[in-house]
Amino acid sequence: MFDKLRSAFSNAAKGLTEKELNEKDMEDILFELEISLHESDVASEVIDEIKSDLKTRLIGTKVEKNEIEKFVKDSLISTVSSLFDAAGKIDIFELIDEKKKVGQPFLILFVGINGTGKTTSLAKLAYMIQQKKYSVVIAAADTFRAGAIEQLREHTNRLNLKLVAQNYNSDPAAVARDAALYAKSHKIDCVLIDTAGRMQTSKNLMEQISKITKVVKPDFKIFVGDSLAGNDTVNQAKEFFEHVHFDGTILTKSDADARGGAALSVVKMTSTPVLYVGVGQEYPDLKPFDKETFLETVFGSLEDVSFEKPELKPEPELKPEPELKPEPELKPEPELKPEPNVISNDPFEGISDDEISKYSKLFEVTPPENDNEAKQLSSKIREWIRHGKPTPDETRKQMTESKLELENKELEKQKPDKEEERSKKKRGRFGFFRK
Ligand code: GDP
């Protein structure tokens, strides 16, 4: 069942696994997906929506390579799932109950082309209604096709149901009205009205069905489409919808449907739900359409599928400049200027020439030969200022071992300055040391 649709989606997912999700690659894969979906009887409008939705989800997305297939699959599932969600869900039995509460029969009109399985589906629904303990009567309002009344009589005999019928060529609207009156007078819960599936022209057919609709004002209209007929079914759905605005669809022969696209197309084109699917020729072979079952048939197990967009790996962003950690500094005395950040261009910034000179004399410092030495020296001078500019003797007393240790660590961390120009400039300031 739905093999073609399954492989169309699966190929799209697999096709992207080895690719970067850029626009060019996307186009190739989406083109292949488009062809496969066409072959699966998915209508062009639906394909366009699936493609553009998938494209929006994927382009520019960064997903781990081993997660791309799952990501594409999940995206497709989300798209298809939301197509069905947009059409809503209808429980016919809730509607029947509402009419029942006000003592009125619920009238259901069946429309569709001959051969699609309309009569069989009507009989299957009658059986389901019976099984749920509601009463039901059938109206043979296809007075055009020879054999149509007999076909229905066979079903009603087998199901032990009342058939309201007249002669061939009688007014189908009158037959439907009779059935509605019968149901009212006999407190029947539901009336199923069969209609012609072919007339001299399609125009005649649509006019006849419109007339029945005006006369009996059905509560609910069901379009029956053959899921094997592919695009024909989609076109039929469009035409019937234009004339009678049906409320939902029964798709027949799903048991033999290898393509699977009809459900998607009809739902999208008419914005009405698929109510039931026919899965065989027996009365119980009518199943409520279930979105999850459809998705599972097409995509496999939904167990670990996230219907929402999976969390995306964020775009690699321009890395912000690493935050420069300030040098761990000894708390400066309030009156002293704080030690400038080590990345300052001038290691002696904030230290006066007098202080440099005095320190150099006291501690017999030779002029630094390079920027690294200049930075080390500037650090020492700052430390010296911070401690009240002590003499070498006082310094030895004041400086605790731990502070010295910390100072050495700091000095080790300092990187050499790359800018030769700056280096020359700084060394120039120590010209007086060499005197
Ligand atoms: P109508 O002309 O639209 O009323 O079509 P019928 O109800 O006579 O059905 C046409 C054929 O399709 C019959 O042979 C049905 O048994 C068959 N049919 C209808 N529904 C299904 C279905 O869901 N599955 C299968 N396999 N056959 C179906």
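Counting starts at 1 for both ligands and their atoms, following the listed order.
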Problem set entry | Candidate pair Asp85 and Lys291, rule side-chain contact (heavy atoms from CB on, under 4.5 Å), full reasoning | CA-CA 9 Å; Asp85 291 343; Lys291 182 184 83 175; 2.9 Å; yes
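- The distance criterion of under 3.5 Å between nitrogen or oxygen atoms is not met by Ser121 with respect to ligand 1.
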For this session: I would like to know whether Leu205 and Phe240 meet side-chain contact (heavy atoms from CB on, under 4.5 Å); could you show each step before the answer?
Result: CA-CA 10 Å; Leu205 179 64; Phe240 274 104; 4.1 Å; yes
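- Seen from the ring of Phe93, Lys132 counts as a face-on cation partner, given the 6.0 Å and 45° thresholds.
- Note: no N/O pair closer than 3.5 Å links Ser254 and ligand 1 by distance alone.
- Each of the atoms 23 (O) of ligand 1 lies under 4.0 Å from some heavy atom of Val279.
- In this structure, Asn157 places its CG atom where more than 12 heavy-atom neighbours from other residues, nucleotides or ligands lie under 6.0 Å away.
- Around OH of Tyr168, the count of heavy atoms belonging to other residues, nucleotides or ligands within 6.0 Å exceeds 12.
- Ile212 places a side-chain heavy atom less than 4.5 Å from the side chain of Leu109.
- The protein non-hydrogen atom at the shortest distance from atom 10 (C) of ligand 1 is Gly115 O, 3.9 Å.
- Shortest contact from atom 4 (O) of ligand 1 to any protein heavy atom: Thr119 OG1, 2.4 Å.
- Those atoms of ligand 1 with a heavy atom of Gly278 less than 4.0 angstrom away are 23 (O).
- Closest to atom 14 (O) of ligand 1, if we only count protein heavy atoms, is Gln281 OE1, 4.4 Å.
- Of the N or O atoms in Thr120, one or more lie within a sub-3.5 Å distance of an N or O in ligand 1.
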For this session: Take Glu45 and Lys268 through the test salt bridge (Lys or Arg N to Asp or Glu O under 4.0 Å) and record every step on the way to the result.
Result: CA-CA 8 Å; Glu45 290 88 337; Lys268 168 72 182 160; over 6 Å; no
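- Ligand 1 has at least one atom lying under 4.0 Å from a heavy atom of Gly280.
- The protein heavy-atom contact nearest to atom 5 (O) of ligand 1 is Gly117 N, 3.0 Å.
- When ring centroids are compared, Tyr127 and His155 stay outside the 6.0 Å threshold.
- By the criterion of a heavy-atom distance under 4.0 Å, neither the backbone nor the side chain of Val277 is placed next to ligand 1.
- Two residues are said to be in side-chain contact when any heavy atoms from C-beta on lie closer than 4.5 Å; Ile108 and Ile193 fail this criterion.
- Atom CZ of Phe246 and atom CG of Leu275 lie 9.5 Å apart (nearest 0.5 Å).
- In terms of polar-atom proximity, Arg145 is not counted as a contact of ligand 1, lacking any N or O under 3.5 Å from an N or O of the ligand.
- Among protein heavy atoms, the minimum distance from atom 28 (C) of ligand 1 is reached at Lys253 CG, 3.7 Å.
- The shortest N or O to N or O distance between Asp285 and ligand 1 is not below 3.5 Å.
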Problem set entry | Check against side-chain contact (heavy atoms from CB on, under 4.5 Å), Lys55 and Glu27 | CA-CA 9 Å; Lys55 207 167 158 181; Glu27 287 302 336; 2.5 Å; yes
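- Under 4.0 Å from ligand 1, the heavy atoms of Lys124 that appear belong solely to its side chain.
- Under 4.0 Å from ligand 1, the heavy atoms of Ile113 that appear belong solely to its backbone.
- For atom 8 (O) of ligand 1, the closest non-hydrogen atom of the protein is Gln151 NE2, 2.8 Å.
- The shortest contact between atom 24 (N) of ligand 1 and any protein heavy atom is with Asp255 OD1, 3.0 Å.
- In terms of N/O distances under 3.5 Å, ligand 1 is not approached by Asn114.
- Taking the six-membered ring where the residue is Trp, the centroids of Phe289 and Tyr276 are separated by 6.0 Å or more.
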